[in-house]
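Working notes for the structure below.
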Amino acid sequence: MSDGFDQIRALDREGQLDAVLAMPDHLRDALWRIESARLAPMEAPAAFVCGMGGSAIGGDLAAAALGDRLSKPLFTVRGYELPSWAFAGSAVLCSSYSGNTEETLACFSAAEALGAQRLVATTGGKLAEAARAEAVPVIGLPAALQPRAAVGYMFCVAAELAALAGADPGLKTEIDGAAAHLEDRREAIAARALELADRLEGTCPVIYGSDLTAPVAFRWKGQFNENAKLPAFNSVLPEANHNELVGWEGSSEIGRFSCVLLEDSDQHPRERRRMEITAELVEPSAAGVLRLEAEGPTRTGRMLELVMLGDLISLHIATRRGIDPSPVPVIDTLKARLADS
Ligand code: F6R
């Protein structure tokens, strides 16, 4: 059976597919780059990952992978400012693939004003220049990827920030194991992606996660948006059981919505039960209901497997729409217009 990759390659001029499949190499290379940066510990009351889009998701994923191993707050900041309650001395990672994202640049300055200990992850741009000028350590990222395809790197640097801040014992061994896990599972993930793309094609996915899978649901939504150029939505259980669930009743009157439930063996047993019941209740009005769970011994491995699966599905859907998944001209236009105003 074809894995469908040939069809993706025909339209994928910037090599997004190869970047997604290279996640194990990205993880290992990220660990090496972190090691080479020879970063000093940043003992801190809290850690913040400042970034947008593909450069922010790593913060959410790191917090989820660490779960209850985190002994201090690890927050992702998407915007121009750190929270008003952020403590002086916090460890702040400013993460921007391009190094030119205005919100992240603003946070870099805000962190200075707060008296935070700063760290930067970027390929260059104004952020690298500012970091160099202010002697802030930089973890250099490889160029020529779409920012969202650098998710493995962004995850590793966010996890490293938490470790440097003394918020967790470090994930390096688990990340190394996850890289091997993804390689072992590659064919199974590819086959699954093709099958799920068949089921999701032509529908608007609403993706649910909880605990470990909550940021993965958000990642899926973003990849549907940016790669397939389609609307998609994500939500979190149990909260969605208290409101959004009701909205499914009328969903078939306005469109074809699929319900995707991302489950995990480590989720709270009541959350697992909620996933089952939600699937049953939504089924009559949904265009399809998909319950998914990754295998694997570690939270990091299972989480990244679901990330890779969602990335591949979004590439299949882009291909079926006849579009190149990489360019996101509307984001470029928006950034250009903001720069002019
Ligand atoms: C594009 C993408 C976007 C960017 C975002 C921030 O592939 O994923 O979500 O990540 O516009 O830009 P950077 O990552 O350069 O700071």
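Only a predicted model underlies this, so the values are computations on that prediction, with no experimental measurement involved. Numbering of ligands and ligand atoms starts at 1, following listing order.
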Charged N to carboxylate O below 4.0 Å: is that the case for D211 and R272? no

Looking at E305 and R192, is any side-chain nitrogen of the basic one under 4.0 Å from a carboxylate oxygen of the acidic one? no

Per-atom filter on ligand 1: closer than 4.0 angstrom to a heavy atom of S96 are 13 (P), 15 (O), 16 (O)

Give me the nearest non-hydrogen protein atom to atom 13 (P) of ligand 1 as residue plus atom name, then the distance to 0.1 Å. T101 OG1, 3.2 Å

Please verify the inter-ring angle class for F75 with F48; under 30° counts as parallel, over 60° as perpendicular, anything in between as tilted. parallel

Which ligand 1 atoms, with their elements, are less than 4.0 angstrom from a heavy-atom of E226? 1 (C), 2 (C), 3 (C), 7 (O), 8 (O), 9 (O)

Write out the residue and atom name of the closest protein heavy atom to atom 15 (O) of ligand 1, then the distance separating them to 0.1 Å. S98 OG, 2.7 Å

What atoms in ligand 1 come closer than 4.0 Å to a heavy atom of S55? 10 (O), 13 (P), 14 (O), 16 (O)

Looking only at non-hydrogen atoms, which of E102, R148, K335 approaches atom 5 (C) of ligand 1 most closely? K335

Quick test of your reading of the model: are R273 and E276 salt-bridged, counting only N-O distances below 4.0 Å? yes

Could you pull out every donor-acceptor pair under 3.5 Å between side chains of residues 147-175 and any protein atom, sequence neighbours left out?
unit_1 : atom_1 : unit_2 : atom_2 : d
R148   : NE     : N227   : OD1    : 2.8
R148   : NH1    : Q146   : OE1    : 3.0
R148   : NH1    : E226   : OE1    : 3.4
R148   : NH2    : N227   : OD1    : 3.0
R148   : NH2    : P325   : O      : 2.8
R148   : NH2    : S326   : O      : 2.9
Y153   : OH     : D29    : OD2    : 2.5
D168   : OD1    : G170   : N      : 2.4
D168   : OD2    : A163   : N      : 3.2
E174   : OE1    : R69    : NH1    : 2.7
E174   : OE2    : R69    : NH2    : 3.1
E174   : OE2    : T300   : N      : 3.2
E174   : OE2    : T300   : OG1    : 2.7

If I apply the N/O under 3.5 Å rule, does G54 come out as touching ligand 1? yes

Side chains of Q7 and T319 only: does a donor on one sit below 3.5 Å from an acceptor on the other? no

Will you find, in the side chains of S96 and T104, an N or O donor that is under 3.5 Å from an N or O acceptor? no

Which of the numbered atoms in ligand 1 are below 4.0 angstrom from a heavy atom of M52? 5 (C), 6 (C), 10 (O)

What atoms of ligand 1 come closer than 4.0 angstrom to any heavy atom of G53? 9 (O), 10 (O)

N/O of S95 under 3.5 Å from N/O of ligand 1, yes or no? no

